[in-house]
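So that the names make sense, note that chain A is the first sequence line, chain B the second, and so on, each numbered from 1.
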Amino acid sequence: MFQIQTPQTLQLAYLPTPFNHQRHRDPAAFRLSSASSTTPTVPFSTTNKNSLIQSLCKKGQLKRAIHLLPHEQNPTQHTFELLIQSCAHHKSLSDAFTVHRNLIDNGFAEDPFLATKLINMYCELDSIQHARQVFDEITHRTVYVWNAILRALSLLGYGEEALSLYKRMNRIGMRSDRFTYTYALKACVVSESVPFSLWRGKEIHAHVLRHGYESHVHIMTTLVDMYAKFGCVKNANLVFSSMPVKNLVSWSAMIACFAKNGRPFEALELFREMMLDSGDMLPNSVTMVSVLQACAALSALEQGKLIHAYILRKGLDSILPVMSALITMYARCGELDLGENVFNQMDKKDIVSWNSLISSYGIHGLGTKALTVFQEMVQLGISPSPISFISVLGACSHSGLVDEGKILFDSMVKKHRIRPSTEHYACMVDLLGRANRLDEAAKLIADMRDEPGPEVWGALLGSCRIHCNVELAERASRQLFELEPMNAGNYVLLADIYAEAKMWDEVKRVKKLLEAKGLQKLSGCSWIEVKRKIYSLKSVDELNPQIEQLHALLVKLSKEMMEKGYVPETKVVLYDLDTDEKQRMLLGHSEKLAVAFGLINCSKGETIRITKNLRLCEDCHSFTKFISKFTNREILVRDINRFHNFRDGECSCRDYW
DNA sequence: CTAGGGTTAG
């Protein structure tokens, strides 16, 4: 049902290749027949057309150059080099085959220089089979040829194959050079079997050091990136710090590493260090993208605005990745309008810009708007990508648009011919589960063709948490404990569900399980930006100089609000305690501390903006609703999933989150 | 023939 042929497979079925025909055609005969049909007189000098072919290539007239090729008795290596480059540039596989065939006919099949060029050309044309064929058929392989095939394999995603060739290279005693190492490291990154590939990467790291490349900027930067992609921030940082010479790319790689691995604060810190300490290093668009991601993660609006100003000043505002990152930054900082402005002012947009806008509406709970924009995009003839669907389905989920989501999911398969990934299923399970249609969600999982990934079971478990379904939660967590045994969040969710069902023995059992694995519950943390500085608040935090004051304010407010009808949701406390103790614990939640901090430190009338690292608990949610009315303040809270805009006793999520 | 970047995610 989902076997969609890629254009490439289709092409290979009918296009001529240098290998399946005309291979042994007599070059002289070929020249004769074509000369008689297209050149009745003799328009060119018969001595040497090499220079003519070469200049046609340089002028981009590939077809004419190829046409002349049979007229040349002795095409040179340089002529073929230019022809190959031209084919790669024009992305023409059929011309590539013609040139390749002629090259073989002219006796260049064993030329390692041209073999390298051919491999690079086929790589550019996304045809790994033909690149591999060139490699397999040449007997004299220089290190250039090896590097070219490693490059092609890694670039096109065949990490395992590249690594096995790298192994073979070592086995036969072919010496690696600086290029070999970078490609081999890239191969580790794209390789499928993750833990194993990291191990291979470390092995190559050792080879690099053994051969004295420890101060080679490119290799070291690739190493930083490799560790970053595996989430080994510590190793990446060790390599980065050890580099005697760093350039902009190295700094950007390390900043990206922090930004992508949940360490946005360190990303901004390193960026600052780069600007201050490294003299002449000027950030470019790539650097800015990572910095914007860090701002987005932190909800650091003022920082983000400074970066925006810098982008405008440096004229980086026509670069699409920068603009998409800006849209996302503004949206994630709570400034949906500013993100919309950025989008509207772009004169060129691509699918990623649209996806940024759609997901912006999603996290702000504007599901209908996300749907409208999605449809507008489709009507403009832009094909949605798999990520477009994740974004728009996520938006439906946050707004409870169940039927709309189901229609979309259906259209994704039938109309847009996108095979749903495990992430898409996770979105659907979330959509159904959140809407308390847990059985339907379970059925969807049961009907999946592929093995459901952890995201899917995680979505189910999360929904079970919201609707307190013990039985289904047990089923989901059994799968999760196998698929991701070291993810503390799953144990915590299950324990939460047991606690809400007052099954205290089970709570204890799950907590023991958690401890036995040496895992810890991720503690709640909220933060708030006041005058360009970010303050983080944790529930247990004696170091905070204002903690007494914050507690006192919360106790006072809570008492007053309880008289007006606020009822603490003590059921969210995971411990078997009496009501008073539970209420006291509730007041210690980081989000409430942040609210209190905002009330004290933000000026009157200013919106209080808070970000939290976990999902907002029911009690904080109802507490903040009351506070917004009671103190007449607008409070904007971003939790792990989405925004809550509290105003006059109501929340923008309409209690559906 | 080398290195770093955008959108999604329970």
Side-chain angles (χ1 to χ4, degrees), chain A residues 113 116-117 119-120 123 142-152 154-155 177-186 216-226 228-229 247-257 259-260 283-293 296 319-329 331 350-360 362-363 384-395 397 421-427 429-430 433-434 453-466 476 480 484 487 489-490 493 615 640-641:
Chain A
F113 176 81
T116 305
K117 298 283 171 194
I119 292 171
N120 291 334
C123 174
T142 59
V143 71
Y144 288 86
V145 177
W146 281 97
N147 289 345
I149 192 68
L150 289 182
R151 172 181 184 269
S154 324
L155 247 52
D177 68 3
R178 60 218 157 105
F179 296 98
T180 319
Y181 292 120
T182 55
Y183 298 137
L185 287 168
K186 264 248 167 297
H216 191 283
V217 183
H218 283 125
I219 297 180
M220 288 294 125
T221 304
T222 313
L223 267 169
V224 169
D225 186 53
M226 183 205 69
K229 297 274 158 70
N247 61 20
L248 181 60
V249 181
S250 339
W251 283 89
S252 303
M254 194 60 223
I255 292 171
C257 171
K260 279 263 168 64
N284 62 11
S285 65
V286 183
T287 328
M288 293 339 272
V289 165
S290 295
V291 173
L292 285 171
Q293 284 177 332
I319 296 168
L320 285 171
V322 174
M323 294 287 103
S324 298
L326 255 183
I327 296 170
T328 303
M329 184 277 290
D350 65 0
I351 185 67
V352 182
S353 345
W354 286 92
N355 291 347
S356 302
L357 188 68
I358 292 169
S359 59
S360 300
I363 53 169
S385 67
I387 291 181
S388 314
F389 281 98
I390 293 177
S391 309
V392 72
L393 286 174
S397 179
S421 68
T422 189
E423 283 92 347
H424 291 110
Y425 277 101
C427 287
V429 169
D430 188 68
R434 231 178 255 281
E455 308 89 348
V456 176
W457 294 114
L460 187 65
L461 185 61
S463 299
C464 291
R465 164 79 188 87
I466 298 171
L480 282 167
E484 25 177 54
N487 184 338
N490 298 328
L493 269 177
R615 183 179 182 270
I640 186 94
N641 295 319

Rounded to whole Å, OH of Y144(A) lies from C1' of dC1(B) at a distance of 9 Å
From CA spacing to verdict: side-chain hydrogen bond (donor to acceptor under 3.5 Å, both in side chains), S391(A), N355(A): CA-CA 7 Å; S391(A) 309; N355(A) 291 347; 5.0 Å; no
With respect to L185(A), which candidate in D225(A), T221(A), T222(A) satisfies the side-chain contact (heavy atoms from CB on, under 4.5 Å) definition?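 Of all the options given, the one that passes is T222(A).
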Roughly how far apart are E484(A) CD and N490(A) CG, rounded to 0.5 Å? 5.0 Å
Distance in Å, I327(A) CD1 paired with L292(A) CG, rounded so as to fall on 0.5 Å steps: 11.0 Å
State which residues pass ring pair (Phe, Tyr, Trp, His ring centres under 6.0 Å) with H424(A); sequence neighbours excluded, sorted by chain then number.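 Partners of H424(A) by the ring pair (Phe, Tyr, Trp, His ring centres under 6.0 Å) criterion come out as none, since no residue qualifies.
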Have a look at N120(A) and say if it touches a base, only the backbone sugar-phosphate, or nothing, with a 4.0 Å heavy-atom cut-off.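 Result for N120(A) = sugar-phosphate.
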Output one letter per nucleotide in nucleotides 3-10 of chain B: B when a protein non-hydrogen atom lies under 4.0 Å from the base, S when only the sugar-phosphate is that close, - when neither is. BBBBBB-B
